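Below you'll find the structure, written out as structure tokens, and then a few comments.
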Amino acid sequence: MRARILTLLMKLYPREFRESRSEEILGFIEEDRARSTRDALRFWTRTVFDLSASAARLRWRERRLPRRSRTPGARSSFDDLRQALRSVRATPLASTVIVLTLALGIGLDTAIFSVVDSVLLEPFPYEEPDGLLYLSARWTEDGVERARHSGRDFERFSRDTRAFEDLAAVMSIRQNLTDIEVPHQVQVGWSSRNLFRLLGVSPILGSGFTEDSPPGTLVLSHGLWQDAFGARADVVGRVVRLDGHPYTVAGVLPRSFALYLPRFPARVDVWKVPDDWWQNGDPWSGDGLNVAMFDILGRLDPAASPVQAREEMRTLAAARRAEDAESSRAGLEYDALPLKDAVVAPVRQQLLLLLGAVVLVLLVGCCNVMSLMLARARARENELSLRLALGASRSRVARLLFAEALLLGAVGGGGGVLAAWAATRLLESFRPESLPRLEPISIHPPVLVFALLVTLGATLVFGLVPALTAARGSSAGILLSASRSTASPRQMLLSRSLVVLQLSLSLILCIGAALLGTSLKSLAEVHPGFDSEGVLSFSISLPGTKYEWPKGTDRFLRELESGIESIPGVRSAGVVWPLPLSRRVWSNTYVAGGIQEVDRAYAEYRLATEGFFETMGIPLLEGRPFSPAGDRRVAVVSRALAERAFPGESAVGRTLQATPWGGAHEGFEVIGVVGDVRYADLREPPQETIYFDSRGWSWSDWEVDYVVRATGPPESYIGAIRGELSRLDPGIPLARPRPMSAYVSDHLAQNRFALSLVGIFAVVAGGLAVVGLYGIVSYSVSQCRREIGIRMALGCGRAGVLGWVYRRGAILVAAGIVIGILGSLALTRFVAALLFGVTPTDAATLAGAALGLGLVGSLACYLPARRATRLDPMSVLRAE
Amino acid sequence: MSTSREILTPAVLHVLLSLAEGERHGYGIKLDVEERTAGALSLGPGTLYEAVHRMEKSGWIEEPARRGARAKSDPRRKYYRLTKEGRDRLKQELERLSDIVSYARARDLLRDPEAT
């Protein structure tokens, strides 16, 4: 590809230069690329520019030197270009619109295609990525959809499947990394020893994990190696501590490495070999806790097919279901999916939607270019037939038109490259977290070349075909009627159809944007049940090696809470786990009042202090909150739970049974009822929730979230809070300090991303369509000057003329709206999954978008119509 | 540039300066120029070979008849050296520049105006 482009560039040079120098130049470029420190895009831009500029200088010089050997062909191709430039400059408005349309079309398309390409199409950066399968599970436990495996499952899969060459299991938690300069809370990946071998990834330093790596072996990510270890080569063999336990660094991973798995943290800082201190027993073995916390991925055996792997997994699931029908794993299903499909599934639909939308924009753009090219060709019929009559060969005329189209296409293409660059910057600035790739969004050269070729091709076809038809007619015939150039009825029909098509396509985009806008608005209006403004959250984790549970941890958490409350400006602080909207889940069954054991009713579980309710503005509806003393036997419940379990009576003073730590139900006294909170998702109704007194359970080796309400911007307190924390214990890092409003915003991000893009597309397409409409109405006014003149001379008033012209455009608008609404009824169901609080066929939204486009369209018809009324009938008739 | 009065472009001047020290191939010239100008002038492939092409046409540089052992490492590499005309032209250009500098010195234009 690259070689082909370079060969093409060499063609720019004069033949003599090319023949004697191109081999040398190509060698030079090869060597330069190998040594250059620039990134590829910048290097190639510079090189291409340098080559084109020097070619132009050499050609220019060659022209100035009188040379007999110059072929006549060279002369006329240069002349073609000069003439084309002249005629393009003679019609500045049309040329500008064509160039801008091309630039927008190429730019937007390249940007969106680049995202789709990098997320959906590019293979993952592992060895033979097609052979990697993700072993998915789906079952329900404790009222929650689960999708992970236990160590026991892992052991069974390894034993009972034949289709896999190798299987690896991973999980991830957060831990404190100490014994380094600044303690960090890091994302720790637990992996079976074969993970990197299975992926075909080798460390850039050290040996990494080997089959006999002892527990306590650690591998660093490239990022952490640079940030926390200053990229020192002697890091291998160094001992650091995770939550107080010693680990030996055995390697550093390459910069490009990231583990792409569904719902897995995008960035893991350190990887460690399984160890057994954290759980009672080795979590990997069949004897360990049967807790489902692993993701498993497999390398397909070369002799097996993916179908075979799926079959095996399904058989295992069926055996498992039959084996313990009574188990809480209701509806267990296993599957083996290509890793890539499993990872991109959540965003596939949204990206395809954007792709569809941007293709619509491109179509509207092409229609526009085509209409304009048609109009240009019509306007030049006289000129072309004159050229033919004066003896220009038909091929000469065709070459001139070709040069014009090429010139417009090249300038538009250049603009397109700039627009693509700007558009990718824009996309990067508001990419949602849900996009499962780490690399920054950048222009993919093949995509850019593709978009350039498509649009250039479109320009050439649209520029040449109509022009050639115009030139084909008998030159004399055209000359005879040359005093007035008119479009043939067939050409007019084509132009009008193009405008209707543009209007209907852009209406579809407008309706899509309006639906997404309405959804975002209703989602943003959902009250989460707490007041996120002015609240800062962060988390810490206390090492069990230093803080004895429960007394030591409880004392520390209390001291930190009062320390934070003493910071000037802080109004209140509280502890909670898990934080609302943080996508962490903790839930289990309960029994209370009218809810019996057989109902298997589920509630969200939360640990909280009394300060949590106050800080988050969650109203106390009845009873009292927790007391500062701490009491493990009491609970506060949400309104939804109280109403379901104790309908029509007070929940306060009653007893409920729950099992926060697993095992049998224990009794808790309900002391208060608080307002409902949407803990999991803004889209879902609030869950029934039970709050346990955090002070009774202050744990170690697990994170605890703090919320702090203060006056002024929440972020401004991070420094002071960090100071309090390090005063108490400098070895404990402050992790993920973030305003609560950022968590709310995360839940809107996906919708905001789709809306912003579709909104931009709708505006661009609508703008192009309206320009096209304006053009066609103006053109028909200029064509019908004579008719308008006669009408006015015969006594038709200005209002009559206005209506007559206006109707000619309005009928196009009406047709566009009808077709657009029909089209959107067929297409908007594809956005249904992104909608909230509005249906894809919402009449008000459809009508609103249609009305908006109708109004703008009317204006585009009205302006030329009003100009028509200003015609002086006598001068028109005399001129004709 | 076939006339001797024409002022040389920076690319041509620097290629002459590089070759004044001995024969070099294209990429070697680029590296030498970058080193001499501390990276301020970085010749792209088009600019460099445009200059080489024109200088060869004007007879200022030539390919040595016998290639050194170094050239065997990559047969695509061509080495260039200055001809008598090239060396004269370089001298002429340097004299012109030096005249300008002497003039500026005499008028005290090279001194830092702040220092006065």
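Bear in mind the structure is a predicted one, so any value in this text is a computation, not a measurement. Numbers restart at 1 for each chain; the letters A, B, ... are given by sequence-line order, proteins then strands.
With a 6.0 Å radius and a threshold of 12 heavy atoms from other residues, nucleotides or ligands, B:E35 has its CD atom at or below the threshold. Within 6.0 Å of CZ in B:R105 there are 12 or fewer heavy atoms belonging to other residues, nucleotides or ligands. Residue A:R33 places its CZ atom among more than 12 non-hydrogen atoms of other residues, nucleotides or ligands, all under 6.0 Å distant. Within 6.0 Å of CH2 on A:W44 lie more than 12 heavy atoms contributed by other residues, nucleotides or ligands.
When every heavy atom of B:K30 is checked against every heavy atom of A:F28, the shortest pair comes out as CD-CZ, 3.4 Å. Residue B:Y49 comes nearest to A:I25 through the heavy atom pair CD1-CG1, 3.5 Å, listed as atom of the first residue, atom of the second, then distance. Minimum heavy-atom separation, A:S54 to B:G46: OG-CA, 3.2 Å. In terms of heavy atoms, B:P45 sits closest to A:I29 at CG-CG1, 3.7 Å.
Here the straight-line distance linking atom CZ of A:R21 with atom NE2 of B:H53 works out to 6.0 Å at 0.5 Å rounding. Here A:E30 contributes atom CD and B:Y27 contributes atom OH; the two are 11.5 Å apart, rounded to the nearest 0.5 Å.
In this structure, A:R57 and B:T47 have side chains that are in contact, with non-hydrogen atoms separated by less than 4.5 Å. Within the 4.5 Å cutoff, no side-chain heavy atoms of A:E23 are placed close to those of B:K78.
Heavy atoms closer than 4.5 Å to chain B are found nowhere in A:F49, neither backbone nor side chain. Proximity to chain B (any heavy atom under 4.5 Å) is shown, for A:S20, by both the backbone and the side chain. The part of B:L48 that comes within reach of chain A is its side chain, from C-beta onward, which places non-hydrogen atoms under 4.5 angstrom from that chain.
Qualifying side chain to side chain contact (heavy atoms under 4.5 Å, CB included) partners for A:R46, counting only residues two or more places apart in sequence or in other chains: A:R38, B:S42. By the side chain to side chain contact (heavy atoms under 4.5 Å, CB included) test, A:D117 pairs with A:L121, A:E122, A:H444, A:V447, sequence neighbours left out.
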